[in-house]
Amino acid sequence: MSSVTAVAERNVSVQHWAEPEHPDERPFIRKYIFSTDHKVIGSQFLFLSLFFLLVGGLLAMMMRWQLGYPGEPMPGGGILPETMAAGGILLPEFYNALVTMHGTFMIFFAIMPLLVGVFGNWLIPLHIGASDMAFPRLNMASFWTAVPAGMLMLVSFFVEGGAAGAGWTAYAPLSADPEYTGVSTGQQIWCVSLVVLGFSSLMGAVNYITTIVNMRAPGMGWFRLPLPIWALFITAILILLAIPVLAGAVILLLFDQTIGTSFFLPETGGEPLLWQHLFWYFGHPEVYILILPAFGIVSEVIANGARKPIFGYPAMVGAIVAIAFLGWLVWGHHMFQSGMNPLLGTSFMVSTMIIAVPSAIKVFNWLGTLWRGNIHFHVPMLNALAFVAMFVIGGLSGVFMASTPVDIYIHDTYFIVAHLHYVLFGGSLFAIFAGIYFWFPKFFGRMLNPTLGTIHFGLTFVFYNLVFFPMHNLGLGGMMRRLYDPNAYAYLEPLQPMNTFITVNAFLLGAAQLVFLVNFVWSLKGGKPAGPNPWNANTLEWTLPSPPPHGNFAAIPRVYRGPYEYSAPQVEADYWPQSEPPEPGQEPPVDYTVREALFSGDVPQPKDAPETKGSDG
Amino acid sequence: MDWGWMLPEPVSTFGGEIDSLYYLILVITGAIFVIVEVALVVFVIRYRRREGRKAAYSHGNKVAEMVWTVVPFVLVLYIAYQSNDVWLRTKVAERGLENESALPLRVVGKQFEWNVTYPGPDEELDTDDDYVVRNQLHMPVGRSVRIELMSEDVIHSFFLPEFRVKQDAVPGMLIPVWFQATEAGEYTLACAELCGLGHYRMRASVTVHEPEEFERWVAEESSAGEPPEPVPAPADTARVDLEAAHDGGHDDRQAREGDDQA
Amino acid sequence: MSSDHAAPAPLVHPPTTRAVRPMEGMQVYNKKLGMWVFLLSEVMFFSGLIGAYIVLRFANPEQWTDAGVVLNVPLTAFNTFMLICSSVTMVKAFAAIEHGDQAGLRKWLIATVILGAAFVGIQVFEYIQLAGHGFVPMVDRYAAEGGPLYGATFYTLTGFHGAHVTIGVLCMIFTTVLAFRGRYTRDDYGGVEIMGLYWHFVDLVWIILFTIVYLI
């Protein structure tokens, strides 16, 4: 027992980070390029995925030009080759490529790596008190597999026939036989790139799961994990189980295109709906891969901003787990109008409706967290609040398409486009901004400029709503998605002014992101030095200097309480770091100790010092 | 600009039912939306930071959490319950049509047109008096039509916005679609599933006639002397010539430009 | 004391990672846990392919023939037997090093490599034979009984499994080389163990595939 106390005391009385007299002597290339340090890899993912976010955004701008001003030459469109835009006017096949690649880049190369690659890498070891990932070299391989996947996808724009044009969902047979689209190489590259990216995601997922299960610091029981870690853990499980299904399906598709099989081609017995089932069996868990980490980030930021413990921590965890579980049972709701048996539609409707419940729990618990808080409006908090406000819209609009009869009308219209952007932009991207503003000081040691941050937030929030909210109305007016020229339909002509309005605002929304870009680049070197804990937060990474040294913790910290003990009466400050040892006679925070005991069995006394791992039987 | 939250006027028998479900959900979700956003704004203003004050130290409230778990659960199940009957009647022709004798039609989508096979005066498909009309869907008002929906090449989606009908046409599958028009007039058939570069102009006109007028139209078309041209089974049809489709795209654009200049 | 330079504590079982400290977590070392997790994703990969196989076969029963008409069941049964034997030799190798028996480890690893390689070899031979009969995955060139989906699903399922065996054999050769260099000891045989996990998994998948592709 005495040794335990000694360890505990040393953990706080001495600094948590590596000694400066152990200088990092790795050569540049091992330090910044082929680094196995989770922090460097996290930053690499950050730069890579922000680049693809930019690419995806530019593609969206081109689409918006065509929709806002159909048939008019795009300013600057003259630089595009004739195969994409004739005299600056976008061609329909190029428009289809834009639709496809905007979705592909945003989902697979921007949002997913931003949430999972960046925050997964940066936060997991720091939050659980580990020196690095369980498999640092695998982690490096994960990043360096993602790079060629992304480059391949980019290159496909410039091969003969252009990039894939069958939508990011690549519905067969359109995608399975080049005769239908005129795109051969591009579609094949799309398949290969996704398989390669799948390997990258898989390596990441194996790493995250192993790290979170096995490398938590003493005292960091399951119910003391910060919510981003819970979310990333469940997300990693979803990736682990969903990505192989996509990889299998995409490989079959590739066989159809290249060696002449007929898995999805009906002439010789193939099943077009099989592709949809396989794709959405992956695709719906993927949707939650894109939002669960956002839930985690927002929970962290809201508790910090409100200076209050997160409301209903066990319910927050339970909701994440429930969403991930139910997420496997709802894939058919993408296929209500696909010709699937309508009775199956009924069962998918019920499961889809039920999955709204855990999402509702999360929203109400965030509100509960704000209730009677002491809310600091720092920039991350602004973005997190916007997340809650916007995710509500995206969640509620989902109920419309979950109702099978209503989905008849709104399926494949702009209502869906509005819905998915409210979830992916209003949801995921605002959470990503919240996360970047929140942890940028930890990543790079300097604060992002709060004035520029507030301006960026305000402009983004306003223009984002002006772009995507009217899309609901377009959908209700009957405008189909992936439509090159809405004016081809007489009944859509009255919607043209709204399309133009959206386009103008989309350009302004895009321009507003320049503020972020400037802030980001400038603050890397010129921002105010952050210090170890600029937000007075509780989790372990804030005990380290910013940025944390290679190897993170000099001695593995010991964890005494949950991550959201803000404004506890036992301490004077309004925060209570997880690794700060309790004063003699101080009441421990009560709420999770029972569960804590259930799950890790070491409360209140931490485990004994070095032990040997027995056989696991 | 049309900022309406109302759906366009429905012109099919079940259109109104689908719309009332939409309005039901709009009211329920609208109420939740208002509650959440108002609470958010009120909390954000009321509990904004003040120096020297500490936030309430609370980890949650079991009763409140139960309430906001159970209430949404009941609400969504209610919506699902309300939806299911309409869903089955609209999508399962046997249920929707029951004993009604419906006019049989065959609609075959292909890049980038809709071919409609009419049964002719005998009202039976696959007989000699069948005839095919490209990109024109005609039907009488007040009588159900039962469509055999097929596709020759890729997946298309048979979308009649005013009728609240949408059904993917999948190659290799025959999917029954039914509906009944309630008002004569001119409407639109659109393709709602990305089907290639001419997807955006894969449209057809829908004409709902008064019954006598429809009979007249059938008689006219049947006697037009066109040789019956039954639509071949999807599998052995030559595919659309991509080059031709391509050129079509350009023509469309040039035509539109011409209009703009005029 | 920097964590990176912490001297590893003596262990009864294979080393965890370099982070040998009291930790929360399962009593399984990282690499083993990682392999288990990875195998879960492999389960999903093969489930997806097998699911596709079942859907296509139910939709097109006429494209399949009775067992043994096209496929050489006796040959593959023998091959299956060999693969099962290779799992046994793998277990033997593992048992040997658990007791510190270096010679036994090397002997049984070599046996496993040989059996695994023979499996792949026989499969290649089978492929050549079948292709000679016109049993190919391509729609245009299919000339055997049944239909092209039979060929396409057969080569996809067995091919992906064969690729897994091939990768397994290569890793097994690597493990064997390390075994000859004395990399594994009575207290440190994690590499052999996780290699074995993978190998048994591949074996198990084959038993399922053999049943549904060849026998049913």
Side-chain angles (χ1 to χ4, degrees), chain A residues 71 92-93 167 171 173-174 179-182 266-267 272 307-309 311-312 315 337-339 342 346 349-350 353 356-357 360-361 364 367 370-376 392 396 399-400 403-406 408-409 411-412 473 476 478 480 482-485 488 491 497-498 567-569 574 591, chain B residues 1-3 7 18 21-22 25 29 33 36-37 39-40 43 47-49 53-57 59-60 65 68-69 72-73 76 79-80 83-84 86-88 90-92 154-155 157 161 164 166-168 170-173 175 188 190 192-194 196-197 200-201 203 235 239 242 249 253 256:
Chain A
E93 56 268 44
Y171 274 14
L174 185 65
E179 272 189 74
Y180 293 133
T181 50
E267 284 92 347
R307 316 305 295 166
K308 254 193 84 188
F311 197 92
Q337 320 308 335
S338 69
T346 297
M349 167 171 65
V350 174
M353 287 287 182
V357 175
I361 295 173
F364 288 121
L367 288 181
L370 295 173
W371 176 67
R372 298 172 65 197
N374 191 30
I375 301 168
H376 293 215
V392 170
L396 290 173
V399 177
F400 289 86
S403 164
T404 41
V406 179
I408 294 175
Y409 184 66
H411 180 74
D412 272 332
N473 307 78
L476 295 175
M480 288 79 75
R482 297 169 169 173
L483 196 63
Y484 167 69
D485 181 1
Y491 78 97
M498 199 187 289
S567 303
D574 65 353
D591 242 20
Chain B
M1 233 179 288
D2 174 25
W3 286 87
L7 297 168
I18 291 177
L21 271 173
Y22 163 76
I25 299 173
T29 55
F33 169 74
V36 171
E37 303 289 355
L40 185 65
F43 289 175
Y47 303 115
R48 65 189 182 278
R49 174 189 196 174
R53 190 171 72 88
K54 250 182 161 181
Y57 180 66
H59 288 89
E65 287 180 58
W68 61 57
T69 307
F73 189 76
V76 291
I79 294 172
S83 302
N84 193 40
V86 184
W87 166 247
L88 291 179
T90 47
K91 279 288 169 174
V92 185
V154 301
I155 297 176
S157 192
R164 311 289 186 266
K166 186 180 285 134
Q167 175 60 58
D168 286 3
V170 183
M173 285 176 81
I175 302 170
T188 313
E193 183 70 67
L194 179 64
L197 57 91
Y200 69 98
R201 55 187 164 77
R203 61 184 179 261
R239 284 175 186 152
L242 273 174
R253 185 160 41 247
R256 194 171 48 245

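Computed from a predicted structure; not experimentally measured. Lettering of chains follows the sequences in order, A, B, ..., and the numbering in each one begins at 1.
Heavy-atom distances place both the backbone and the side chain of Ala568(A) under 4.5 Å from chain B. Interface remark: Tyr409(A) contributes backbone and side-chain atoms alike to the contact with chain B (heavy atom separation under 4.5 Å).
When all heavy atoms are compared, the tightest approach of Asn374(A) to Arg48(B) is OD1-O, 3.7 Å. The shortest heavy-atom contact between Leu396(A) and Thr29(B) is CD1-O, 3.4 Å. What you find for Arg53(B) and Gly373(A) is that their closest heavy atoms are NH2-O, 2.8 Å. Heavy atoms only, all atoms of each residue included: Ser338(A) and Asp168(B) are closest at CA-OD2, 3.5 Å. Closest approach of Pro569(A) to Tyr57(B), counting heavy atoms only: CD-CD2, 3.3 Å.
Distance check, rounded to the nearest 0.5 Å: CG of Leu21(B) to OG of Ser403(A) gives 5.0 Å.
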Worksheet entry | Working for side chain to side chain donor-acceptor pair (under 3.5 Å), residues Asn84(B) and Thr346(A) | CA-CA 6 Å; Asn84(B) 193 40; Thr346(A) 297; 2.6 Å; yes
Practice prompt. Step by step, work out the side-chain contact (heavy atoms from CB on, under 4.5 Å) result for Leu40(B) and Leu367(A).
Written response: CA-CA 6 Å; Leu40(B) 185 65; Leu367(A) 288 181; 3.7 Å; yes
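By the ring-ring contact (aromatic ring centres under 6.0 Å, His included) test, Tyr22(B) is found to be paired with Phe400(A), residues two or more places apart in sequence or in another chain being considered. Evaluation of the salt bridge (charged side-chain N to carboxylate O under 4.0 Å, His left out) rule for Arg49(B) yields Glu51(B) as partners, not counting sequence neighbours.
In terms of heavy-atom pairs under 4.5 angstrom with chain B, the leader among His411(A), Arg372(A), Met480(A), Met349(A) is Arg372(A). Each of Gly478(A), Ala360(A), Pro272(A), Ala356(A) has some count of heavy-atom pairs under 4.5 Å with chain B, and the biggest count is that of Pro272(A). Counting heavy-atom pairs under 4.5 Å between each of Leu483(A), Ile408(A), Val406(A), Val357(A) and chain B puts Ile408(A) at the top.
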